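Just so it is clear, the model here is predicted, and its values are computed rather than measured. Letters A, B, ... mirror the listed sequences (proteins, then strands); counts begin at 1. No hydrogens, no waters, no symmetry mates; every other heavy atom, side chains included, goes into these values.
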Number of protein chains: 2
Amino acid sequence: MLERMKSYKTYSAGETILWRGEPMEFVASVVAGVASLSKTMEDGRTQMVGLLLPSDFIGRPGRTHVEFDVVATTDLTLCRFERKPFEKLVIDTPHVAQRLMEMALDELDAARDWMILLGRKTAREKIATFLELLARRSEVDMVKAQISVNLPMTRDQIANFLGLTLETVSRQLNAMKKDGIIGFSGRKELEVLNVAALRDATGDDADGGMII
Amino acid sequence: MLERMKSYKTYSAGETILWRGEPMEFVASVVAGVASLSKTMEDGRTQMVGLLLPSDFIGRPGRTHVEFDVVATTDLTLCRFERKPFEKLVIDTPHVAQRLMEMALDELDAARDWMILLGRKTAREKIATFLELLARRSEVDMVKAQISVNLPMTRDQIANFLGLTLETVSRQLNAMKKDGIIGFSGRKELEVLNVAALRDATGDDADGGMII
DNA sequence: CGTTGGGTTGATATATGTCAAAGAGCGTGG
DNA sequence: CCACGCTCTTTGACATATATCAACCCAACG
């Protein structure tokens with residue numbers, strides 16, 4: 001089984017895991033930390049096209065190269081499998097192939113949601129959507145009835161994710177703090193003080209995509 | 001085989017083929033015309049998240065609903081198959097499943113390329129990229145050594161595709177005409193007069209994505 | 001402590017959006 | 001076959017969100 005050929009590897013924040021166009025000798029899943037997929041234009045403008053949080057998967061059957069850079073945003077642990085045996089597994093196991101298809105389609109949906117964010121949302125809506133995304137993926141403190149969110153990236157990286165500049169990110173974050181929607185307990189540590197207002201600020205419909 | 005259960009259906013420009021969230025009773029491929037996938041926010045802002053040109057496919061194994069509206073941009077002919085027998089075919093034929101996976105991954109790549117366009121490109125770069133996309137998919141007139149492109153949509157629809165307003169689209173198109181990069185022979189009919197300049201204006205690297 | 005990589009804040013520039021009006025095609029019906 | 005009335009497009013004047021440029025701050029870490 002897969003167990004036999006898996007190995008763990010850690011990367012430190014900022015390290016590039018794969019360069020665009022580079023052959024991919026393994027597939028992997030994120031165990032801990034955050035990684036990002038990003039594209040860069042000749043002149044240096046960059047845009048993140050995906051965020052990999054724990055449990056997310058990287059690598060595709062039939063694709064030997066990546067179309068973007070994969071970078072460790074925070075310190076990161078990957079659980080890696082060699083490509084070859086993995087491909088064999090996929091071919092032999094329809095169930096796995098099906099699961100991978102499911103994942104690819106989910107990613108496609110996510111990418112399309114991001115497209116409306118990038119193309120049509122205001123800076124404030126972008127920030128709110130981003131925070132809501134992180135909140136949904138993080139711990140809820142039932143006792144305090146508030147959600148604390150850990151920003152896994154710098155302002156600059158957030159800007160690259162949202163199609164903004166770091167200054168705009170900083171300003172909007174502080175504006176939302178002044179509005180009492182969020183509160184900081186550290187530069188990368190914040191609490192959502194008013195969940196309803198945050199949802200409102202995303203520009204999405206009342207319960208868009210939210211499964212409870 | 002599939003032959004037995006296929007049927008053709010035509011839609012006229014502007015007709016909505018599927019509404020977001022609606023159950024999908026069929027899968028289909030585009031025979032003629034252009035369709036678009038788009039998302040709309042509560043307040044009416046809309047963003048196209050995909051363009052379906054002839055030979056493109058719509059429908060996914062395991063997905064019974066669509067996450068966006070599918071609209072006929074021009075008059076359109078679809079070749080449709082009922083969902084159920086199609087799903088059966090997919091399960092029985094690994095080759096087909098593999099092909100579908102391939103297509104999903106291609107769409108994912110396209111979506112990600114669109115993300116950098118939406119998040120980081122200027123209006124002019126967006127227009128140039130769009131024209132180049134259409135040119136690549138259309139006829140090349142070898143004799144005249146020029147490429148004529150048919151715009152399959154209104155300025156407003158182009159704007160929704162590129163994350164712009166229709167006025168900006170109009171202005172940029174006319175600016176490129178003034179610069180001698182393109183020429184119009186009708187509102188929706190144009191020729192690329194300077195291919196190199198067009199490529200340059202996209203902001204992509206010299207031969208980005210171009211096969212040949 | 002000083003250095004250094006974020007982060008904040010301010011002043012200003014500018015690309016693109018918004019609002020408004022006028023033109024151009026084009027199909028339809030008299 | 002012309003003219004009317006659409007819708008789409010162009011163009012202009014103006015508004016504004018966000019980028020850009022620049023200085024300063026802060027907190028962590030050696």
Side-chain angles (χ1 to χ4, degrees), chain A residues 12-15 41 43-47 73-75 117-130 150-179 182-190 201 203, chain B residues 12-15 34 41 43-47 71-75 116-130 150-179 182-190 201 203:
Chain A
S12 46
E15 210 173 325
M41 295 173 66
D43 61 3
R45 280 176 282 177
T46 93
Q47 174 66 54
T73 302
T74 63
D75 288 342
L117 176 141
L118 292 172
R120 292 299 185 201
K121 287 192 178 180
T122 64
R124 170 174 262 246
E125 288 169 339
K126 287 177 176 182
I127 295 285
T129 305
F130 175 63
N150 178 273
L151 294 180
M153 20 163 91
T154 66
R155 304 291 185 263
D156 187 48
Q157 289 169 324
I158 296 172
N160 285 335
F161 194 34
L162 300 176
L164 297 170
T165 58
L166 64 158
E167 293 95 331
T168 301
V169 170
S170 176
R171 282 190 246 265
Q172 293 294 340
L173 239 20
N174 286 104
M176 292 187 75
K177 175 187 163 192
K178 203 167 62 187
D179 293 350
I182 58 175
F184 285 93
S185 48
R187 285 172 155 196
K188 298 194 166 180
E189 207 63 48
L190 59 85
Chain B
S12 45
E15 209 173 326
V34 178
M41 294 173 66
D43 62 3
R45 279 176 282 176
T46 93
Q47 174 66 53
V71 183
T73 302
T74 63
D75 288 343
I116 192 168
L117 176 141
L118 292 173
R120 293 299 185 200
K121 288 192 177 179
T122 65
R124 170 173 262 244
E125 287 169 339
K126 287 177 175 182
I127 294 286
T129 306
F130 174 64
N150 178 272
L151 294 180
M153 19 163 94
T154 66
R155 304 290 184 265
D156 186 48
Q157 289 168 324
I158 296 172
N160 284 334
F161 194 33
L162 300 176
L164 297 170
T165 59
L166 64 160
E167 293 94 332
T168 300
V169 170
S170 177
R171 283 190 248 263
Q172 293 295 339
L173 239 20
N174 286 103
M176 293 187 75
K177 175 187 163 192
K178 202 168 64 188
D179 293 350
I182 59 175
F184 285 93
S185 48
R187 298 225 261 195
K188 299 193 167 184
E189 207 64 47
L190 59 86

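Summarising the geometry, atom OG1 belonging to A:T122 is positioned 9.0 Å from atom CG belonging to A:L164; distances are rounded to the nearest 0.5 Å. Remark: A:R45 CZ to B:I116 CD1 distance equals 8.0 Å, nearest 0.5 Å.
Nearest heavy-atom pair, B:T73 versus B:M153, reported as atom, atom and distance to 0.1 Å: CG2-CB, 3.7 Å. Smallest separation of non-hydrogen atoms from B:K121 and B:E125: CA-OE1, 3.3 Å. Across A:G203 and B:M41, no two heavy atoms sit closer than the pair O-CE, 3.6 Å. Here the closest heavy-atom approach between residue A:A13 and residue A:D75 is recorded as N-OD1, 2.7 Å.
Of all nucleotides in DNA chain C, those with any atom nearer than 4.0 Å to a heavy atom of chain B start and finish, going 5' to 3', at C:dT16 to C:dG25.
With sequence neighbours left out, B:V71 forms a side chain to side chain contact (heavy atoms under 4.5 Å, CB included) with B:T16, B:S36, B:D69. Remark: B:N150 engages B:E189 in a side-chain hydrogen bond (donor to acceptor under 3.5 Å, both in side chains) (not counting sequence neighbours). Partners of B:F161 by ring-ring contact (aromatic ring centres under 6.0 Å, His included), not counting sequence neighbours, listed by chain and number: B:W114, B:F130. In this structure B:R120 satisfies the side-chain hydrogen bond (donor to acceptor under 3.5 Å, both in side chains) test together with A:N160, sequence neighbours excluded. Partners of B:D179 according to the side-chain hydrogen bond (donor to acceptor under 3.5 Å, both in side chains) rule, which considers only residues two or more places apart in sequence or in another chain, are B:R124.
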Donor-acceptor pairs are to be reported for all side-chain atoms of residues 165-173 of chain A against protein atoms at under 3.5 Å, with residues two or more places apart or in another chain.
unit_1, atom_1, unit_2, atom_2, d
A:T165, OG1, A:T168, N, 3.4
A:T165, OG1, A:T168, OG1, 3.0

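Within a 6.0 Å sphere centred on NZ of A:K188, heavy atoms belonging to other residues, nucleotides or ligands number more than 12.
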Legend entry - Sequence-aligned protein contact record of nucleotides 12-22 of chain D, with B where the base is within under 4.0 Å of a protein heavy atom and S where only the sugar-phosphate is: BB----SSBB-
Inset, instruction - Starting at the 5' end of nucleotides 23-30 of chain D, put B wherever the base has a protein heavy atom under 4.0 Å, S where only the sugar-phosphate does, and a dash everywhere else. - result: ---B----
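Nucleotide D:dT11 holds its C1' atom 13 Å from the NZ atom of B:K177, rounded to whole Å. Between B:R155 atom CZ and D:dT10 atom C1' the separation is 9 Å, expressed in whole Å. Distance B:D156 CG to D:dT9 P: 8 Å, rounded to the nearest Å.
Residue contacts shown for B:K126 are absent, as no nucleic acid heavy atom lies under 4.0 Å away.
The end-to-end axis angle of the helix from C:dC1-D:dG30 to C:dG30-D:dC1, rounded to 10 degrees and based on five pairs per end, is 30°.
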